[in-house]
Amino acid sequence: MSTTRSASPPRAPRRALLRAAVAGGLAALAAPTAHAAGRAPATPPTQILACDQASQSVLLLDATSAYWRSGQSDRTARAADLLPLWSWTPVDDPGLADLDPESGWRNVSDAKARSTASGPLLLTCASGGFVAAVQHEGAAVYWAASLPAWTNPHTVELLPDGNIAVAASTGGFVRVYTASQGPRSGVHASFALPGAHGLLWDAGSGLLWALGTGLLVGLAVEGGAASPRLTAARSYALPESGGHDLARALGADTPLWLSTSGHVRQFAVRTGAFVPYANQIAVDRPTVKSVSQHPVTGQVLTVSPEPGAPCTWCTSRIRFHGPGGEEELKGSSLYKARWWTADRP
């Protein structure tokens, strides 16, 4: 995957924030494009999307960087090796000014990649209400919206017909917006789901899976691209409350990863059961905000809050499982991280 330019240069307050991040070890995030020039994509893919609330950016990081391979004592000297391959923020993008992203782009809450005929699409949202789908090449906006801040958008998903699904936790709903009809289309179907946090389209079942506080629901999307309807085709009570993240797992029964307040679990779509999985002792832990499995190597990465972080829901560490390990991105406030190639349709 080729590198590309980032969004427009940040304003002075954002630059000041990024200078503080540089001092902590996340170097020069204010101008990732120039530093990204000439970098070749890794094979097999080893890039990671990270939601960094310190810089209020989506970052594309290289998991094979010398920074992560170096010892802890050499991290300061190697900080330049952690420069993102690409980053994105809607702030100061004139094409998004009508949505007031400076107000809504607070606490970036998810970022995931999806493949389209025109190239990779970044799906992202922030708890402040801003939601967008952006082409990786050139950062052209496919669709964007500004929801009320109180709804707290937590994740986004792309449907096969080009529409966009959004889950809002405080709003307690899953919506499917008719993004296929235009970049600002606000027409939507809605399904009530208390604590809606996770979304994943599953081609095998033909359902949009949604995760709430106490339920995992398979939603049928009907009615056509211009006038969608949402109905619950399947519904399962969670073994414990606090459903948070939903992602694709590798396996014969079309398993899904899901995290709750207490565990990281797998759910087999075909059988409708919560099932044990490989390396469960290492992966399973409470309050995991995101879980992602590499579609080629099978390696799992997770992100969960840590004591002493700038906010109670964030961390500066990414954990890897199978093989295991832990990497720290000094100066960051990570909420979620995912393999760039994971969960592509």
Side-chain angles (χ1 to χ4, degrees), residues 109-112 114-116 121 123-127 129-133 142-238 241-248 254-260 267-272 274 343-345:
S109 53
D110 203 4
K112 60 180 69 168
R114 292 293 182 264
S115 291
T116 70
L121 193 68
L123 305 178
T124 187
C125 60
S127 292
F130 190 87
V131 185
Y142 170 74
W143 175 85
S146 182
L147 278 63
W150 65 267
T151 63
N152 198 3
H154 252 73
T155 194
V156 193
E157 181 60 295
L158 177 68
L159 301 184
D161 60 7
N163 286 342
I164 298 288
V166 178
S169 59
T170 309
F173 60 72
V174 173
R175 290 179 179 175
V176 170
Y177 285 87
T178 57
S180 61
Q181 308 303 300
R184 292 292 188 278
S185 180
V187 176
H188 63 269
S190 189
F191 181 86
L193 182 63
H197 268 77
L199 286 175
L200 182 71
W201 170 260
D202 175 54
S205 61
L207 298 175
L208 173 65
W209 289 91
L211 185 64
T213 299
L215 287 176
L216 174 65
V217 182
L219 297 174
V221 185
E222 301 169 317
S227 55
R229 299 190 308 271
L230 291 173
T231 57
R234 297 167 64 178
S235 182
Y236 303 89
L238 300 181
S241 65
H244 201 277
D245 195 34
L246 197 57
R248 190 171 310 285
T254 319
L256 308 179
W257 288 107
L258 61 89
S259 67
T260 67
F267 175 82
V269 171
R270 186 177 65 84
T271 61
F274 294 92
D343 298 344
R344 290 189 183 183

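All of these numbers come straight from a predicted model, not from anything done at the bench.
Counting heavy atoms from C-beta on, the side chains of T116 and Y142 never come closer than 4.5 Å. Two residues are said to be in side-chain contact when any heavy atoms from C-beta on lie closer than 4.5 Å; Q181 and V187 fail this criterion. The side-chain heavy atoms of R234 and V269, taken from C-beta on, include a pair separated by under 4.5 Å. For the pair V176 and L219, the minimum side-chain heavy-atom distance is 4.5 Å or more. In this structure, L123 and E157 have side chains that are in contact, with non-hydrogen atoms separated by less than 4.5 Å. Residues L246 and F267 have side chains not in contact (no heavy-atom distance under 4.5 Å, counting atoms from C-beta outward). Side-chain atoms of T151 and F173, non-hydrogen and from C-beta on, do get closer than 4.5 Å to each other.
Sorted by first and then second residue, the pairs that involve residues 198-226 and meet salt bridge (charged side-chain N to carboxylate O under 4.0 Å, His left out), not counting sequence neighbours, are D202-R248.
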Exercise for review: Evaluate the criterion side chain to side chain contact (heavy atoms under 4.5 Å, CB included) for residue pair I164 and L159; output intermediate values, then yes/no.
Suggested key: CA-CA 6 Å; I164 298 288; L159 301 184; over 6 Å; no
Exercise for review: With side-chain hydrogen bond (donor to acceptor under 3.5 Å, both in side chains) as the test, would you mind laying out the steps for T155 and D110 before giving the verdict?
Suggested key: CA-CA 5 Å; T155 194; D110 203 4; 2.4 Å; yes
Point to revise | Full working for side chain to side chain contact (heavy atoms under 4.5 Å, CB included) between L211 and D245 | key: CA-CA 7 Å; L211 185 64; D245 195 34; 5.7 Å; no
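Shortest non-hydrogen contact noted between L199 and A167 is CD1-N, 3.5 Å. In plain terms, the two heavy atoms of A165 and L208 that are nearest each other are CB-CD2, 3.8 Å. Across all their heavy atoms, L238 and G212 have their closest contact at CD1-O, 3.7 Å. Between P228 and V221, the shortest heavy-atom distance links the atoms CB-CG1, 4.3 Å. Of all non-hydrogen atoms in L230 and A189, the two that sit nearest each other are CD1-O, 4.0 Å. The minimum heavy-atom distance between S127 and N152, with the atom names listed, is OG-OD1, 2.8 Å.
Summarising the geometry, atom OG belonging to S109 is positioned 5.5 Å from atom NE2 belonging to H154; distances are rounded to the nearest 0.5 Å. Atom OG1 of T213 and atom NE2 of H244 lie 10.0 Å apart (nearest 0.5 Å).
Aromatic ring orientation, H188 versus Y177: tilted (interplanar angle from 30° to 60°).
In the model, T178 has no side-chain atom that pairs as donor or acceptor with a side-chain atom of N163 under 3.5 Å.
Residues satisfying the salt bridge (Lys or Arg N to Asp or Glu O under 4.0 Å) test with D161, not counting sequence neighbours, are none.
W201 contributes no side-chain N or O that, together with a main-chain N or O of P160, makes up a donor-acceptor pair within less than 3.5 Å.
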